[in-house]
K.L.:
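The structure is given below, and queries will be raised subsequently.
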Amino acid sequence: MLPDVVDRYARWLPTRANDPRSVFLVAERSATTTDAAPALVGFLIATIEENIPIYRLEEFGFIHDVWVEPSARKSGAATALVTEALRRFRTLSITQVRLETAAINEPARRLFTRCGFRIGTIDMLVEL
Ligand SMILES: CC(C)(COP(=O)(O)OP(=O)(O)OC[C@H]1O[C@@H](n2cnc3c(N)ncnc32)[C@H](O)[C@@H]1OP(=O)(O)O)[C@@H](O)C(=O)NCCC(=O)NCCS
């Protein structure tokens with residue numbers, strides 16, 4: 001990644017957040033006392049992307065990021081975020097949702113498999 005990745009992400013995010021068909025979700029942990037605010041423990045960022053114009057499928061949903069704070073993991077937050085993102089994409093008449101995750105990221109692969117994802121294409125790369 002580039003050294004100024006945080007700045008670049010901060011510039012990219014608002015442009016897509018303003019797209020009414022983007023799906024930006026947060027997960028909150030309920031407040032433990034009545035006067036405390038709920039704690040933000042996770043988020044999901046997804047947008048609608050266009051295919052190049054040679055395919056029947058003109059556009060697809062793309063999940064860019066899912067993150068859950070380590071202290072809040074293994075309680076179903078990510079499953080709920082992904083399930084809700086898929087529900088919202090369905091209401092937008094999106095018929096396919098894609099994502100990329102590292103092959104070694106086993107928790108993520110289990111999460112997405114549980115939510116119905118299968119391996120589509122396999123990326124191959126070589127460092128030059
Ligand atoms: C991958 C990641 C998003 C999963 O988040 P999570 O909130 O822990 O996910 P869930 O709680 O929905 O599921 C995780 C596990 O907890 C289990 N679980 C869910 N609710 C549970 C409960 N109430 N009690 C016990 N276990 C539970 C799930 O079955 C699942 O088990 P598995 O991993 O053995 O299949 C999280 O680890 C993370 O943020 N990682 C870093 C970022 C990342 O890799 N993102 C994905 C790539 S974009």
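Whatever order the structure lists them in is the order used to number ligands and atoms, beginning at 1. Atom set for the values below is all heavy atoms of this structure, side chains included, hydrogens, waters and symmetry mates excluded.
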K.L.:
Tell me, yes or no, whether the heavy-atom count around I104 atom CD1, taken from other residues, nucleotides or ligands under 6.0 Å, exceeds 12.
P.N.:
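Open: at most 12 neighbouring heavy atoms sit under 6.0 Å from CD1 of I104.
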K.L.:
May I ask you to identify the nearest protein heavy atom to atom 32 (P) of ligand 1, giving residue, atom name and distance to one decimal place in Å?
P.N.:
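Going atom by atom, the protein heavy atom closest to atom 32 (P) of ligand 1 ends up being R110 NE, 3.2 Å.
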K.L.:
List the closest protein heavy-atom neighbour of atom 44 (O) of ligand 1: residue, atom name, distance to the nearest 0.1 Å.
P.N.:
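Scanning the protein heavy atoms, the shortest distance from atom 44 (O) of ligand 1 goes to N105 ND2, 2.7 Å.
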K.L.:
Using a strict 4.0 Å cut-off to heavy atoms of T101, name the atoms of ligand 1 that fall inside it.
P.N.:
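So the atoms of ligand 1 that pass are 47 (C).
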K.L.:
To which protein heavy atom is atom 4 (C) of ligand 1 closest, and what is the distance rounded to 0.1 Å?
P.N.:
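Answer for atom 4 (C) of ligand 1: A78 CB, 3.7 Å.
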K.L.:
So which protein heavy atom does atom 11 (O) of ligand 1 come closest to, and at what separation?
P.N.:
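Residue, atom and distance for the closest contact: G76 N, 2.7 Å.
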K.L.:
Quick one: look at L99 and ligand 1, take heavy-atom pairs under 4.0 Å, and tell me if it's side chain, backbone, both or neither.
P.N.:
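It is neither; nothing of L99 touches ligand 1.
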K.L.:
Using a strict 4.0 Å threshold on nitrogen-to-oxygen distance, state whether E84 and R88 make a salt bridge.
P.N.:
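Yes, E84 and R88 are salt-bridged.
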K.L.:
Scan side-chain atoms only and decide if Y9 and D65 contain a donor-acceptor pair under the 3.5 Å cut-off.
P.N.:
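Present: a donor and an acceptor within the cut-off.
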K.L.:
Counting heavy atoms only, name the option from H64, K74, R109 that's nearest to atom 24 (N) of ligand 1.
P.N.:
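Among H64, K74, R109, the closest heavy atom to atom 24 (N) of ligand 1 belongs to K74.
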K.L.:
Quick one: are W12 and H64 in side-chain contact, heavy atoms under 4.5 Å?
P.N.:
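Yes, side chains in contact.
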K.L.:
Could you tell me the residue and atom name of the protein heavy atom closest to atom 12 (O) of ligand 1, and the distance to it rounded to 0.1 Å?
P.N.:
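So the nearest neighbour among protein heavy atoms is T79 OG1, 2.5 Å.
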K.L.:
So, N105 side chain and T101 main chain: donor-acceptor pair closer than 3.5 Å or not?
P.N.:
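Checking the backbone N and O of T101 against the side chain of N105, no donor-acceptor pair under 3.5 Å is found.
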K.L.:
Say whether V68, considering both its backbone and side-chain N or O atoms, lies within less than 3.5 Å of an N or O atom on ligand 1.
P.N.:
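Yes; at least one N/O pair falls below 3.5 Å.
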K.L.:
Starting from atom 31 (O) of ligand 1, find the nearest protein heavy-atom neighbour and note its residue, name and distance.
P.N.:
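Going atom by atom, the protein heavy atom closest to atom 31 (O) of ligand 1 ends up being R114 NH1, 3.9 Å.
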K.L.:
Taking atom types as modelled and ignoring hydrogens, do the side chains of S30 and E28 form a donor-acceptor contact shorter than 3.5 angstrom?
P.N.:
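There is no such pair (donor and acceptor under 3.5 Å, judged by atom type) between the side chains of S30 and E28.
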K.L.:
Among all protein heavy atoms, pick out the one at the shortest distance from atom 45 (N) of ligand 1; state its residue, atom name and that distance to 0.1 Å.
P.N.:
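The protein heavy atom lying closest is V66 O, 2.8 Å.
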K.L.:
Starting from atom 36 (C) of ligand 1, which protein heavy atom do you reach first, and at what distance in Å?
P.N.:
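That would be R73 NE, 3.5 Å.
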K.L.:
Mind listing the side-chain donor-acceptor pairs of residues 113-128 below 3.5 Å, one per line with the distance, residues two or more places apart or on another chain?
P.N.:
{"residue": "T113", "atom": "OG1", "partner": "R109", "partner atom": "O", "Å": "2.7"}
{"residue": "R114", "atom": "NE", "partner": "T79", "partner atom": "OG1", "Å": "3.4"}
{"residue": "R114", "atom": "NH2", "partner": "T79", "partner atom": "OG1", "Å": "3.3"}

K.L.:
Okay, side chain of D4, backbone of D7: is any donor-acceptor separation there less than 3.5 Å?
P.N.:
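Such a contact is absent between D4 side chain and D7 backbone.
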